Amino acid sequence: IDFSRDEAKYMSLCASGKLTNSNKKTCEEFNSYLKAKNKKLKKDLENQKSAAASTTQTLDSVQKKLNSLNSDISSKEAEIQYVETSIQNTQADIDKDNQEIKDRMYVMQSYMNENTFINYFKSSTEIYKGMKVIDENLGGTSPLDIIIKFKDEEKVATLKNENQDKYIDFENEFIEKNDDKQYWFSQDKMDTIMAIHNYLEAIPEIGKVQSLATLLKVGEILNKNERLDGITLALLYNQLPPKYKDLILSPYINIEKNEARITMRLIDSNPDLRRNILLTKINTDLREIIKNKETTYRLSNLMVLYNNMLQSLFNSQISTLGASIVILSIMFFILFRSFKIVFIALVANVTPIFLLFGIMGWLNIPLDIMTITIAAIAIGIAVDDTIHFIHRFEEEFKFDKDYVNAMRRSHRGIGHAMYYTTIIIVIGFSILMLSNLVPTIYFGLLTGIIMISVLAADLLLLPKLLLMLKPYEKLKEITK
């Protein structure tokens, strides 16, 4: 009998109290069926429990592996973060060091190139005394201007339709009046000019500052210490006669070009004045002072021109010396056909120039139009003496192929001529030290020093290099 098809029927039959013999037999078989089914269900349950436990163990293992992977990932991320932070810190340190080097080079260049016109003269001269009085009592000497360019406002087009009513005509009339010069004096422009004016007045190296803000301050005093607003300024502009507009306003504003001018004079006698550093500071600070980023500015006048000229001396000196060394190398090689002699001659010529710059830095002597020519003079004279000595040494060396004897004979011969020539040149340039012009004094002093250095290099360093490097060994072999 297949009990699985109708278990409920047999369950009801066997549950009744009265059973026939055939039904009892059927119920016994049904009972056996239920026991077998129960046993199978228990076995399936145990298998499922075992599978669940195995799955749980597998999940626990996977979870442990995930936790381990997450831990490794976190560790690697921490290491990567540490490396990235270290790279950023290292790069920041490198950038900081580079900036410090640039700043030091910049300051060194500024100090090296810094010289004021007043310091060109001795303090006992009338020119120095007069400029000192101008600096201390009249607001400075070197002029500097700041030109402020405001944003050009877009003009509203006037309506010209013939069919417009009277209200539009009134609007057109208002727009045309709005384009008048009296409306140029807006509060934003006045605040910008006043802020820059006050900033410049606070700088110790700057003397007298004049701008439209000067007139505004005077007007504020006359107005019982109340600020002049745009309407008041417009009324004053309309009432001011053209003659006085040209006299007191035209030097400081240009309404047609929408520009304002702030003029000042620098105190040249101030020992802390560093033109290039000051101009850079003003340029940087003005970007923060001017709130409207569409407003532009530029620095101009004699101060900027003079500073640019001084700063160009440093770059021109380097480029000139570099070109001179290259040309001298080619010339020496053409004359002597030996790389050793080229090296020896260059060392003997360049060493006095380095010594000159070292002395100038030690004595705080700046580069100017006069002192910058000394290096060129030194190279010219040093090259002449170097060529004479090397040529004489080569001729003497051919006599007995002995370096020491050739050096001694060269000293006794051409050495005396080089010595007396240098002494005459030093005495001649020393006369310049009697001048009242300080650059001329420096020129005479430094030229004398460099001439003595050149003589020492040609009579001491050059022979020593010839003895050490022995550039004429091939000549000795050819003779054998």
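The shown structure was predicted, so the numbers you read here are calculated from the model rather than taken from an experiment.
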**Prompt:** In Å, rounded to the nearest 0.5 Å, how long is the span from CD1 of Ile147 to OG1 of Thr296?
**Reply:** 10.5 Å

**Request:** Applying salt bridge (charged side-chain N to carboxylate O under 4.0 Å, His left out), name anything that partners Asp285, two or more places apart in sequence or on another chain.
**Result:** Lys281

**Request:** Return each pair, listed once, that meets salt bridge (charged side-chain N to carboxylate O under 4.0 Å, His left out) where at least one residue sits in residues 197-218; pairs must be two or more places apart or across chains.
**Result:** Glu201-Lys217

**Item:** Residues in side-chain hydrogen bond (donor to acceptor under 3.5 Å, both in side chains) contact with Asn225, at least two apart in sequence or another chain
**Value:** none

**Prompt:** For the rings on Phe389 and His411, is their centre-to-centre separation under 6.0 Å?
**Reply:** yes

**Side chain to side chain, Ile253 and Phe185, heavy atoms closer than 4.5 Å** = yes

**Fill in**
Taken in chain and number order and not counting sequence neighbours, the residues that satisfy side-chain contact (heavy atoms from CB on, under 4.5 Å) with Glu79 are Ser75, Lys76

**Fill in**
Rounding to 0.5 Å, atoms CD1 (Ile344) and CG (Leu469) come to a distance of 4.5 Å

**Message:** Is any side-chain heavy atom of Asp385 closer than 4.5 Å to one of Thr421?
**Reply:** no

**Item:** Donor-acceptor under 3.5 Å (Tyr297 side chain, Asn283 main chain)
**Value:** yes

**Request:** Enumerate the residue pairs fulfilling salt bridge (charged side-chain N to carboxylate O under 4.0 Å, His left out) with a member in residues 403-432, sequence neighbours excluded, ordered by first and then second residue.
**Result:** Glu396-Arg409, Asp400-Arg409

**Message:** Applying salt bridge (charged side-chain N to carboxylate O under 4.0 Å, His left out), can you list everything that pairs with Lys129, at least two apart in sequence or on another chain?
**Reply:** none

**Message:** Nearest 0.5 Å, please: how far is CD1 in Ile290 from CG in Asp191?
**Reply:** 12.5 Å

**Request:** Scan for salt bridge (charged side-chain N to carboxylate O under 4.0 Å, His left out) pairs involving residues 293-304, sequence neighbours excluded, and state none if there are none.
**Result:** Lys151-Glu294

**Item:** Leu278 vs Ile203 side-chain heavy atoms within contact, under 4.5 Å
**Value:** yes

**Request:** Just do the salt bridge (charged side-chain N to carboxylate O under 4.0 Å, His left out) check on Glu395 and Arg392 with the steps written out, would you?
**Result:** CA-CA 5 Å; Glu395 294 298 323; Arg392 182 59 178 267; over 6 Å; no

**Message:** Using the side-chain hydrogen bond (donor to acceptor under 3.5 Å, both in side chains) criterion, which residues pair with Thr263? Sequence neighbours excluded.
**Reply:** Asp145

**Fill in**
Contacts satisfying side-chain hydrogen bond (donor to acceptor under 3.5 Å, both in side chains) that involve residues 448-457 (not counting sequence neighbours) are none

**Asked** In chain order, what residues pass the side-chain hydrogen bond (donor to acceptor under 3.5 Å, both in side chains) check against Ser324, with sequence neighbours excluded?
**Response** none

**Side chain proximity check, Tyr252 to Ile193, heavy atoms < 4.5 angstrom** = no

**Request:** Going by the side-chain contact (heavy atoms from CB on, under 4.5 Å) test, name the single residue among Thr141, Asp135, Ile134 that passes it with Leu138.
**Result:** Ile134

**Message:** I want to check something: taking the side chain as every heavy atom from C-beta on, are Leu446 and Ile450 in contact at a cut-off of under 4.5 Å?
**Reply:** no

**Request:** Kindly write out the residues that satisfy side-chain hydrogen bond (donor to acceptor under 3.5 Å, both in side chains) with Arg265, not counting sequence neighbours, or none if the list is empty.
**Result:** none

**Asked** Does a side-chain N-to-carboxylate-O contact under 4.0 Å join Asp268 and Arg275?
**Response** yes

**Interatomic spacing from CD in Glu259 to CG in Asn254 - rounded to 0.5 Å** = 6.0 Å

**Prompt:** Taking only residues at least two apart or on different chains, which pairs with a member in residues 333-356 satisfy side-chain hydrogen bond (donor to acceptor under 3.5 Å, both in side chains)?
**Reply:** Asn349-Thr386

**Beyond-backbone contact of Glu394 with Phe397, side-chain heavy atoms, under 4.5 angstrom** = no

